[in-house]
Amino acid sequence: MAGQSRKWMIVVATTWIQAFTGTNFDFSSYSSDLKSVLGISQVQLNYLSVASDMGKAFGWCSGVSLMYFPLWAVMFMAAALGLLAYGLQWLVIQRVIAVPYFLMFVLCLLAGCSICWFNTVCFVLCLRNFSVNRALALSLTISFNGLTAALYNLIVSAINSSNDALYLLLNALVPLFTSSIALIPVLRQPPPQQLSPDTIRQDSRIFLCLNVIAVGTGLYVLLINHLSGNLFRGRLFLGGAIFLLVLPLGLPGIVYARKWTRQLIGASRLCLKLNWSSFNLVDPDDLQLQKELLGREETNSNRLPMNENSGRTRLSSRWHIEGCCAIMEKDALTVLGEEHPARLLLRRLDFWLYYLAYLCGGTIGLVYSNNIGQISQSLGFGEQTSAIVTLYSSCSFFGRLFSAAPDFLRNKVYFARTGWFAIALIPTPIAFCLLSASGSISALRAGTALIGLSSGFTFSAAVSITSELFGPNSAGVNHNILITNIPIGSLLYGLLAALVYDQNADQSSGRTQIMSLFSDSMVCMGRKCYFQSFIWWGCISMVGLLCSVLLFLRTKPAYDQFEGNRIRTESS
């Protein structure tokens, strides 16, 4: 019982860490001030956002560190990196110190490393403590990472909504504070244990309740954002958000208290059945029931979730069909959960389809979020930047949360997770078509919401997909290889948008060109600033969608085979 309670404390602690360490999502909230203070162009500002994303390319360092240091030490290393990187950036934007552009680039790189290290810690915590329901644990906890910008907007509203530099100070201090709170659950992780079928079903019910609370938290943060205009309301709403984050602590306790009560009542009834002439403390019917439960538990313990103890990968070269069908079948995965070392991973066509789908689908949503500040400003909605950032953050949260749908619906509507991944990429090209067609605030909000939902689902589902396609034990390394596309996409797509932006700013005149009084940076105004970028981004996202469909077609037989084996095992 104590071990189960500690397991759920890990979920809550991981949720808190994710909720306050997605600090790259609030970049747009202070990017305009940073651009003005440094006196840099849009291209140079884009390089700073690329540097933050480039930190993910060094995610493998966190995995190596876990080989030599305990989990809690790596968590505080991440907090220390963030404290140093964001703290110095805050001093720069406050004009307390002045640093060269190259050093600012390095600070953004360190900040990105901090975020990636926190993510690795959270992934490992979920994988260690939820071997059966790892997809549910990952989707729930990762979803809160998308809520970071919205929560930070609430904190800023509760302190001083007019100071955008406050975001950097919060980015430096809040993750360190959260890590200190999460330290005790991390230190008191329960030992690995085999779970009975009843416990597995109970865990699924708890996850369902936690997801309901999470949906309520996301709706709360989204709906009250525009109401937190003054200091009192801001503090009141922030208190409500903190209450919702703390609320999950009581849910597992209530569930296990009910279970303990039922067991106590059952034991009392059992004692009443004792025969006066025998010391036999177990009724024959209860003994038979116990034997059946033990048999079910043994069956479950021998059946690991992703065929972790099954044989080696069997590569399919079964059908040599002409044209496209041959491409669909050649070397396609036939077994899920197969461990793929990095060398084998890079030789798989499935991985490169997955890589391109993520690069052209999910990463482009992150680049859009980095440019929300300039997009809103260019369209004349600069005063609503925080609201647009909160909208993206909240929708990204819901997208991540919805990535658990395949696990909750698998008994009613089964569909391969790679198929859900492809469906999740559909809103992105639609959003860019909408943004390129209209420059209204409604189009901006609708496009931002669609991109947030799509990219959020992609980011969360990718961890489970990597684990399923290429092995859960290798997921830490393989997923860090996958997300190397984030700095690449951030550089290419962001540079494209920045070049278009600066070109239009140079060609502008009169009201459409605003020269800062304190720097040489230029501000472009009008739909033309991002119109071509939206067209290009929409075309690129279509490539990602195509790759995701091909990945689904190639992996569908493996998913179908795994699901068939699961159903046969449960029915036997």
Side-chain angles (χ1 to χ4, degrees), residues 56-67 116 119-120 123-124 126-128 131 134-135 138 304-321 324-363 416-419 421-422 458-459 461-489 544 546-563 565-566:
K56 296 178 175 61
F58 297 94
W60 57 270
C61 297
S62 57
V64 174
S65 299
L66 287 172
M67 298 172 59
C116 191
N119 289 339
T120 301
F123 296 161
V124 171
C126 291
L127 292 173
R128 283 182 181 177
S131 58
R134 65 165 62 93
L138 288 170
L304 293 180
M306 295 309 306
N307 288 342
E308 293 170 351
N309 292 336
S310 62
R312 300 287 183 256
T313 300
R314 296 188 292 273
L315 303 181
S316 171
S317 298
R318 298 167 297 174
W319 301 290
H320 300 282
I321 306 173
C324 180
C325 292
I327 298 176
M328 287 295 96
E329 300 296 340
K330 183 180 179 181
D331 293 335
L333 286 166
T334 58
V335 177
L336 295 184
E338 173 72 27
E339 296 299 336
H340 283 64
R343 184 176 301 176
L344 176 60
L345 180 78
L346 298 178
R347 294 203 300 263
R348 299 306 302 265
L349 176 59
D350 296 299
F351 170 74
W352 289 111
L353 286 173
Y354 184 32
Y355 192 92
L356 287 175
Y358 197 110
L359 173 66
C360 300
T363 300
R417 199 182 302 273
T418 49
F421 184 84
T458 302
F459 294 146
V463 182
S464 297
I465 292 175
T466 303
S467 174
E468 290 173 351
L469 295 184
F470 308 114
N473 296 331
S474 305
V477 175
N478 291 343
H479 192 69
N480 280 316
I481 294 175
L482 171 71
I483 62 176
T484 56
N485 69 73
I486 292 180
I488 295 174
L546 176 62
C547 291
S548 67
V549 171
L550 293 177
L551 177 67
F552 163 65
L553 294 176
R554 285 176 57 85
T555 57
K556 185 178 183 296
Y559 275 97
D560 290 343
Q561 178 184 351
F562 173 76
E563 183 64 12
N565 292 338
R566 185 186 71 86

How far does [atom1] of [X] sit from [atom2] of [Y], to the nearest 0.5 angstrom?
{"X": "Cys116", "Y": "Ile483", "atom1": "SG", "atom2": "CD1", "result": "4.0 Å"}
{"X": "Leu482", "Y": "Tyr358", "atom1": "CG", "atom2": "OH", "result": "6.0 Å"}
{"X": "Asp350", "Y": "Phe470", "atom1": "CG", "atom2": "CZ", "result": "6.0 Å"}
{"X": "Leu353", "Y": "Arg348", "atom1": "CG", "atom2": "CZ", "result": "11.0 Å"}
{"X": "Asn119", "Y": "His479", "atom1": "CG", "atom2": "NE2", "result": "8.0 Å"}
{"X": "Thr484", "Y": "Ile488", "atom1": "OG1", "atom2": "CD1", "result": "5.0 Å"}

Contact between Tyr559 and Glu468 at the side-chain level, heavy atoms closer than 4.5 Å - yes or no? yes

Compare all side-chain heavy atoms of Leu469 with those of Thr555 and state whether any distance is below 4.5 angstrom. yes

Step by step, would you call Thr418 with Arg554 a side chain to side chain contact (heavy atoms under 4.5 Å, CB included)? CA-CA 10 Å; Thr418 49; Arg554 285 176 57 85; over 6 Å; no

Give me the atom names and distance for the closest heavy-atom approach of [X] to [Y].
{"X": "Phe552", "Y": "Ala416", "result": "CE1-CB, 3.9 Å"}
{"X": "Leu359", "Y": "Asn485", "result": "CD1-O, 3.3 Å"}
{"X": "Ala461", "Y": "Arg417", "result": "O-CD, 4.3 Å"}
{"X": "Thr363", "Y": "Gly489", "result": "CG2-CA, 3.9 Å"}
{"X": "Gly362", "Y": "Phe459", "result": "O-CZ, 3.4 Å"}
{"X": "Cys126", "Y": "Leu138", "result": "CB-CD2, 3.8 Å"}

Who passes side chain to side chain contact (heavy atoms under 4.5 Å, CB included) against Ser65, sequence neighbours left out? Phe69, Val74, Trp117

I would like to know whether Ile481 and Leu346 meet side chain to side chain contact (heavy atoms under 4.5 Å, CB included); could you show each step before the answer? CA-CA 9 Å; Ile481 294 175; Leu346 298 178; 4.2 Å; yes

Hits for side chain to side chain donor-acceptor pair (under 3.5 Å) against Tyr354, two or more places apart or cross-chain, chain-then-number order -> Thr466

I'd like to know if the side chain of Asn478 and the backbone of His340 have a donor-acceptor N/O pair within less than 3.5 Å. yes

Those residues that, when tested against Tyr355, pass ring pair (Phe, Tyr, Trp, His ring centres under 6.0 Å) (two or more places apart):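 In terms of ring pair (Phe, Tyr, Trp, His ring centres under 6.0 Å), with neighbours along the sequence ignored, Tyr355 is linked to Phe351, Trp352.
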
